[in-house]
Amino acid sequence: MNTPPTPNPTPESAPVLDTLAEVLKERRHASPDNSYVASLHHKGLNKILEKVGEEATETLLAAKDAEHGSAAQRQAVIAETADLWFHSLVMLSHLELDHQDVLNELARRFGISGHDEKAARTP
Ligand SMILES: N=c1c2ncn([C@@H]3O[C@H](COP(=O)(O)OP(=O)(O)OP(=O)(O)O)[C@@H](O)[C@H]3O)c2ncn1[C@@H]1O[C@H](COP(=O)(O)O)[C@@H](O)[C@H]1O
């Protein structure tokens, strides 16, 4: 059975991510004592990557519990995913990469089946 067509992407904007990215940019050179974001940059890329890995692990553990779990366990997946997205945005900011480019890449993939894309890869 064919899957329904993917809708065209809406204009590339995610206001919450845009605002958060602005805050992260502004905090990059703030005092580490006053800003958690600044403290991560101050500790360097390895610390940021450690946090991304930690939050990814916490997300998958929460998701395992949520599959047959309570409303609270399902809500925990939301919180852990927010932590993961937040730390991923800090990573992009540290590398001076633009979160909008990630959104653009997802938009570019609209309508391209993952199966078709994989089959088209050169060996
Ligand atoms: N969205 C977030 C956000 N999500 C999670 N966190 C923090 O991420 C940390 C992760 O929690 P953990 O328990 O895993 O970390 P930890 O054990 O305290 O840290 P480690 O000892 O492992 O280093 C906590 O300190 C959370 O408060 C966030 N900190 C900041 N923001 C946003 O960033 C903005 C700027 O924050 P500051 O730089 O602190 O002003 C805030 O206004 C928010 O909008």
Side-chain angles (χ1 to χ4, degrees):
M1 192 176 77
N2 287 337
T3 54
T6 310
N8 285 332
T10 50
E12 299 112 6
S13 172
V16 172
L17 294 185
D18 293 347
T19 304
L20 182 53
E22 277 304 308
V23 172
L24 298 186
K25 198 171 173 183
E26 178 222 316
R27 295 295 156 87
R28 178 150 188 187
H29 301 292
S31 161
D33 292 336
N34 300 330
S35 161
Y36 174 70
V37 172
S39 74
L40 285 176
H41 289 298
H42 189 74
K43 287 173 185 165
L45 182 61
N46 281 354
K47 179 64 185 180
I48 295 167
L49 298 182
E50 183 186 306
K51 292 302 296 180
V52 173
E54 195 180 299
E55 302 304 348
T57 303
E58 287 172 8
T59 300
L60 71 87
L61 291 174
K64 287 293 284 180
D65 289 342
E67 191 173 19
H68 304 292
S70 64
Q73 285 169 314
R74 296 175 66 77
Q75 187 57 38
V77 181
I78 304 293
E80 295 299 350
T81 303
D83 281 351
L84 176 59
W85 287 16
F86 165 72
H87 285 89
S88 298
L89 285 170
V90 174
M91 176 194 73
L92 292 175
S93 175
H94 193 82
L95 296 171
E96 297 183 352
L97 291 168
D98 193 336
H99 74 287
Q100 185 62 53
D101 289 335
V102 178
L103 297 179
N104 292 349
E105 175 62 16
L106 288 172
R108 186 189 67 77
R109 295 177 187 181
F110 271 87
I112 303 171
S113 159
H115 288 320
D116 293 343
E117 184 277 327
K118 194 164 181 177
R121 286 183 202 169
T122 47

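Each ligand, and each atom within it, is numbered from 1 in the order the structure gives. The model shown is predicted, which means the values in this text are computed figures rather than measured ones.
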Which of the atoms in ligand 1, numbered in the order shown and given with their element, are less than 4.0 Å from a heavy-atom of [X]?
X	value
His87	8 (O), 10 (C)
Glu55	10 (C), 14 (O)
Glu54	14 (O), 22 (O)
Lys51	12 (P), 14 (O), 15 (O), 16 (P), 19 (O), 20 (P), 22 (O), 23 (O)

Using a 3.5 Å cut-off on N or O atoms only, is [X] in polar contact with ligand 1?
X	value
Lys43	no
Ala38	no
Arg27	yes

- Query: Without hydrogens or angle criteria, can the side chains of Asn104 and Gln100 be said to hold a donor-acceptor pair below 3.5 Å?
  - Reply: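 On atom types as modelled, these side chains qualify, holding a pair under 3.5 Å.
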
Looking at every non-hydrogen atom in both residues, tell me the closest pair between [X] and [Y] and how far apart they are.
X	Y	answer
Leu24	Val90	CD1-N, 3.8 Å
Ala66	Val77	CB-CG2, 3.5 Å
Arg28	Ser93	NH1-O, 3.0 Å
Leu84	Glu55	CA-CB, 3.8 Å
Ala38	Ala30	CB-O, 3.3 Å

Full working for ring-ring contact (aromatic ring centres under 6.0 Å, His included) between Tyr36 and His42
CA-CA 10 Å; Tyr36 174 70; His42 189 74; over 10 Å; no

[atom] - nearest protein heavy atom and its distance:
atom	answer
atom 5 (C) of ligand 1	Asp83 OD1, 3.5 Å
atom 31 (N) of ligand 1	Phe86 CE1, 3.2 Å
atom 24 (C) of ligand 1	Tyr36 CZ, 4.4 Å

- Is the closest side-chain heavy-atom distance between Lys118 and Arg121 below 4.5 Å?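 The answer is yes, as the side chains (C-beta and beyond) meet within the 4.5 Å cut-off.
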
Legend entry - Counterpart residues, ring-ring contact (aromatic ring centres under 6.0 Å, His included), relative to His41 (two or more places apart):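 His41: ring-ring contact (aromatic ring centres under 6.0 Å, His included) contacts with His94.
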
| Part of Val23 within contact of ligand 1 (heavy atoms, under 4.0 Å) |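 Near ligand 1, Val23 shows its side chain, while the N, CA, C and O stay back.
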
If we count only non-hydrogen protein atoms and require a distance under 4.0 Å, does [atom] qualify as touching the protein?
atom	result
atom 43 (C) of ligand 1	no
atom 7 (C) of ligand 1	yes
atom 13 (O) of ligand 1	no
atom 38 (O) of ligand 1	yes
atom 27 (O) of ligand 1	no

- Count the heavy atoms belonging to other residues, nucleotides or ligands that lie under 6.0 Å from CD of Glu117, then report whether that count exceeds 12. yes

| field | The one among Arg28, Lys47, His41 that brings a heavy atom closest to atom 23 (O) of ligand 1 | value |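 It is Lys47 whose heavy atom sits nearest to atom 23 (O) of ligand 1.
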
Mind checking what makes salt bridge (Lys or Arg N to Asp or Glu O under 4.0 Å) contact with Lys64, not counting sequence neighbours?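 Salt bridge (Lys or Arg N to Asp or Glu O under 4.0 Å) list for Lys64, sorted by chain: empty.
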
